[in-house]
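One structure below.
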Amino acid sequence: MKKILISALALLCFVAAKADEGMWLLSLLKEKNIDKMHELGFKLSAEDIYSLNQPGIKDAIVGLGTLDRPFRHFCTAEIVSPRGLLITNHHCAFSSIQEHSSVEHDYLSDGFWAYQMSDELTNSGMTASILERMEDVTERVLSVLDEEMDAVARATAVDSIGDVIVKEAVEGTVLTGQVISMFEGNQYFLFLYTIYKDVRLVAAPPQSMGKFGGDTDNWIWPRHTCDFSMLRIYTGPDGQPAEYAPENIPLKPKHHLPVSLKGIRDNDFAMVMGFPGTTNRYATSYSLATVMDVINAVRYKARTVILAVMKEEMSKSPKTRIQYASKYASCANYWKYSFEQNKALKRLNTLGHKQEIEAEFTRWLNADAGRKAQYAEVLPSLQKAIEASHKYVEAGAYLTEAFAGPELHQFAYSVSGLLEALFDKQLPETERAEIVSDLKQNAKAFYKDYNVELDARLFADLFRMYSDEVGDDLHPAVIDLINQKYKGDYARFAEEIRLHSLFRSEEALLAFIEKPDRRKLEKDPALIAGQSYTEMAIKLAAWNKENKTVIGKNNRLFVRGLLEMDPGKAVAPNANSTLRLTYGRVRSYVPRDAVFYNYYTTLTGVMEKEGPAGGEFEVPARLKELYGQKEFAPYGTDNVVACFITDNDITGGNSGSPVINANGELIGTAFDGNSEAMSGDIDFEENLQRCISVDVRYVLFVLDKYAGARNLIEEMTIVE
Ligand code: ARG
């Protein structure tokens, strides 16, 4: 009894100590954060993390992207060996694992372990960026902008000065650069990366471990998911970035993270470095209705339909199950997020908190004539423009979630330019051959994971949803066509696609390429749908342009005002897929009245959660056996810690990020956030928001004892 009293008191003290909101920029750590980090227990210097003169921890942090969008880092990874070995999440490599899988080699179900480098599999299109340096270029960018520009003109001007700045900076190097806005266009930074293009799959546990708990446990603590996988960066023989080639060699990194076996204790210092994607912390109360009633509600509704169709079709054949595994998982991830975010926004009264901030802003500006002249119109203009844009944002949400739910029309449109080129009688034979080969490649990639029966059902259900939910004046042409020519029979339109579209299968498309027919192409139902999708997207953007200009300008002013209001306060810019650091501590929490959540889980919890084979909570026999043998050393004594939580400020894109202790060593890999604080991307919840990580000792235990992949353990620098 007494013991409980003490720990309850201790808990109260922790809750009273504030977690630090902020995804901080590395070049400003020394100025803004390092003192606070030292207070919390960090033992290294700001230069040990980021310095222009010496290698640092930042050289071990990797942004995972794709060749077509290398800066849009979908996940983070960390280098853990002198040979470019990476740890990231299982869910970050999920689409690669899926890509390499077939009914014969089902790495999703069975896992994948490369016991030698020659077994590693190259992931098509995956990139790995490492930050070389960053720089504040605000003055140069602002010098070409003026307040009167509309949103499009402004973006164009930023792009062109950005191109000039990047060009100067990368001249004579292998670097790739990006100029990007911070604080809603009040500041601009240049980021220079080395971007590697040969990233191979090295290891992944079976999904019964890597995705243990499935969608039921997704976004939930307490958690027992072994959400890790391993990749490796390869370079050309000269050590520079190169596309896949057999003679490529493993990257020799400037730094790799030592891996700690010391584990975690409550209240320990912890920091996370990675590439958070998007946050909206400066959103106003007016935009909350759009987020809740439009973005989240539409996404949830459309994806409920998509997931039900996928699930049913996936259960019909192992082939479809593997083809759609990754599509299903990514659809389900933000489906659940939308629902949980709305719940948290309501429960935590985010609207009320935003209104308080706006009231304070208004009091502040009213206290000074100069400020009044500059800022008095900001909030009223924002409110008006946000309300006026509501209708277009709603149509846009149905366009991206429902209309773009099925896939064939998007594929048809994406290759239609190439197909049209084939009608040109003057086309030289060599060019024709090139186009045909391009088309064949595109087709191969697309149809590998495509099922027209499944997709036709999506066409029927989701096009109907668009027609029912969005006003007639915002219908893409194909919706009117179905309502008139097909008398609103969406199933019949879907049948037309399934049975007669020239895109319905790879064979049908290849046959068409052999004998191209302009009339058939022009009348193709999938292509007509694809064209009208693009047309509608362009129209919506044009109709909403004025509102967007007003919103952009006033958001910028609002944030500028907030920064002026409290000049001494360190605040971080919203996430935008650039490298950030968040520091905090290992911390338990109280999710709701009378409930206490401890800061770690163990293998025992995995066993307790076990469910039927093939389900979300299947536990592999080998893991049960190892648990029974109780030979956990050196990864644990009487148990293995599975996952743990910290109060670090992370979001999507941080998946796979290293959790680093006070000595700069790896203790875990971040993979999720908790549902209770799902409002956190809009309003940070200091007492509730947690970063969920897989403990690195669980990762090592699985590599060593489950997979017998000693080769990988031996590459790492393990600290006892
Ligand atoms: N919620 C996690 C994130 O967004 C993804 C977890 C993937 N697991 C799953 N069961 N879908 O980073």
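Whatever order the structure lists them in is the order used to number ligands and atoms, beginning at 1.
Using cut-offs of 30° and 60° on the angle between ring planes, the pair W219 and Y337 is tilted. Ring geometry for F71 versus Y193: interplanar angle of 30 to 60°, hence tilted.
A cation-pi arrangement is present between K327 and Y324 under the rule of less than 6.0 angstrom and at most 45 degrees off the ring axis.
Checked against ring-ring contact (aromatic ring centres under 6.0 Å, His included), F617 has the following partners two or more places apart in sequence or in another chain: F212.
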Put together the list of close N/O pairs, under 3.5 Å, between ligand 1 and the protein, could you?
from, atom 1, to, atom 2, distance (Å)
ligand 1, 1 (N), N218, OD1, 2.7
ligand 1, 1 (N), N333, OD1, 2.9
ligand 1, 1 (N), D672, OD1, 2.8
ligand 1, 4 (O), N333, ND2, 2.8
ligand 1, 10 (N), G214, O, 3.0
ligand 1, 11 (N), N218, ND2, 3.4
ligand 1, 12 (O), H91, NE2, 3.0
ligand 1, 12 (O), S655, OG, 2.7
ligand 1, 12 (O), F671, O, 3.3

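In this structure, CD1 in I322 is found 12.5 Å from CD1 in I97, a value given to the nearest 0.5 Å.
When only modelled atom types and interatomic distance are considered, R223 and T225 share a side-chain donor-acceptor pair under 3.5 Å.
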